[in-house]
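Read through the structure below, which is laid out as structure tokens, and then see the notes.
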Amino acid sequence: MAFWKPSTGNPPFAECVDRIHVLKPIQFESLRRNEVGGKLSAASVTKAMKTGRVDDVAYFVDQNRQQRAATILRNVAYVIEAHFEFTPRADDSDTPGKHLDIFNRRARQGQCFHTPCMGTREFPANFELIEPEQPLPLF
């Protein structure tokens, strides 16, 4: 999502993907990663801060480790064609030109409200705006 309308908390439009061009051959990679299965409770931290005692704050990562396996795409390049449609949250001040100008200005500068990702936030996507007169990039 390139931008957000903070006054309402929700944008007055929905982004709709029309077409995805796959520019590089699809390649997969398997990986395993260790994750911590839990966290300290806020109550135990608050209690330790109030009492000055940290004996209830111990957390042993080795006892709460989980291993996750994933099959991911690697070395990807896509071109995404999309448009937006207004939702019932739109009002009279919401015009297509206004939102398109905001989107284009932010996308040209590489700005976004939510960093795009490919599946999960640990795989952020780099992006750039391809202007209408530009040819699709070749990889």
Side-chain angles (χ1 to χ4, degrees):
M1 175 167 292
F3 71 101
W4 192 258
K5 190 172 181 180
S7 60
T8 62
N10 292 307
F13 56 86
E15 296 168 335
C16 305
V17 174
D18 297 320
R19 192 170 302 127
I20 299 175
H21 301 269
V22 179
L23 302 179
K24 291 185 176 181
I26 295 174
Q27 298 175 353
F28 294 99
E29 183 173 322
S30 294
L31 67 92
R32 291 188 187 278
R33 62 191 187 280
N34 293 322
E35 295 180 354
V36 177
K39 59 184 178 181
L40 288 173
S41 72
S44 66
V45 173
T46 302
K47 181 180 173 185
M49 290 171 57
K50 287 180 181 176
T51 64
R53 297 185 59 202
V54 294
D55 29 329
D56 291 339
V57 188
Y59 188 82
F60 299 100
V61 175
D62 289 341
Q63 295 173 2
N64 290 300
R65 185 172 292 148
Q66 299 173 351
Q67 194 169 72
R68 303 263 185 208
T71 301
I72 60 171
L73 293 169
R74 63 182 291 259
N75 197 24
V76 299
Y78 301 108
V79 171
I80 300 173
E81 292 182 42
H83 71 280
F84 62 87
E85 296 175 356
F86 286 111
T87 67
R89 293 184 294 265
D91 59 32
D92 292 338
S93 70
D94 295 309
T95 64
K98 169 185 159 181
H99 290 289
L100 186 59
D101 288 345
I102 293 169
F103 175 86
N104 286 337
R105 182 175 60 248
R106 290 182 58 82
R108 282 184 191 111
Q109 296 173 7
Q111 298 174 330
C112 53
F113 182 75
H114 290 295
T115 302
C117 61
M118 305 308 268
T120 64
R121 292 190 187 276
E122 59 192 322
F123 301 110
N126 297 321
F127 69 94
E128 64 183 78
L129 181 67
I130 298 176
E131 302 290 348
E133 64 277 358
Q134 277 183 276
L136 291 179
L138 300 174
F139 287 92

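As the structure is a computational prediction, the values presented were derived from the model and not from experiment.
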Margin query: If you compare all heavy atoms of Leu129 against all heavy atoms of Ala107, which two are closest, and at what distance to 0.1 Å?
Written below: CB-CB, 4.0 Å
Checklist line | Sidechain-backbone polar pair: Asp101 side chain, Lys98 backbone, donor-acceptor under 3.5 Å | finding: no
Next item on the list: Assess whether atom CD of Gln67 is packed by more than 12 heavy atoms of other residues, nucleotides or ligands within 6.0 Å.
Entry: yes
Checklist line | More than 12 heavy atoms from other groups under 6.0 Å of CG on Asn34 | finding: yes
Check: To the nearest 0.5 Å, what is the distance between CD (Gln66) and CZ (Arg33)?
Finding: 11.0 Å
Next item on the list: Measure across Pro124 and Thr115 and return the closest heavy-atom pair with its distance rounded to 0.1 Å.
Entry: CB-CG2, 4.0 Å
Note to self: Just so I know, are the side chains of Glu131 and Arg108 near enough to count as touching, which here means a heavy-atom distance under 4.5 Å?
What the structure shows: yes
Check: Where is the tightest heavy-atom contact between Pro116 and Phe127, given as atom of each residue plus distance?
Finding: CG-CD2, 3.7 Å
Check: Considering all heavy atoms of both residues, which atom of Val57 and which atom of Ser44 are nearest to each other, and what is their separation?
Finding: CG2-O, 3.9 Å
Checklist line | Distance, nearest 0.5 Å, that separates CD of Glu81 from CD1 of Ile130 | finding: 9.0 Å
Item checked: Val22-Val17 co-clustered via ILVMFWY side chain contacts under 4.5 Å -> yes
Notebook entry, point to check: What distance separates Ile26 CD1 from Asn75 CG, expressed to the nearest 0.5 Å?
Noted result: 12.0 Å
Notebook entry, point to check: Any side-chain heavy-atom pair from Leu73 and Tyr78 closer than 4.5 angstrom?
Noted result: yes
Notebook entry, point to check: Roughly how far apart are Thr46 OG1 and Leu40 CG, rounded to 0.5 Å?
Noted result: 11.0 Å
Notebook entry, point to check: His114 versus Arg121: any side-chain heavy-atom pair under 4.5 Å?
Noted result: yes
Next item on the list: Return the orientation label for the Phe13 and His99 ring planes: parallel under 30°, perpendicular over 60°, tilted otherwise.
Entry: tilted
Note to self: Can you tell me how far apart CZ (Arg19) and NE2 (His21) are? Round to the nearest 0.5 Å.
What the structure shows: 5.5 Å
Notebook entry, point to check: Do other residues, nucleotides or ligands put more than 12 heavy atoms under 6.0 Å from Lys24 NZ?
Noted result: yes
Next item on the list: Can you see which heavy atom on Ala90 is nearest to which on Pro12, and at what distance?
Entry: CA-CB, 3.5 Å
Next item on the list: Could you grab the distance from atom CD of Glu85 to atom OG1 of Thr87, nearest 0.5 Å is fine?
Entry: 10.0 Å
Note to self: Less than 4.5 Å apart, side chain to side chain, heavy atoms only: is that true for Phe28 and Ile72?
What the structure shows: no
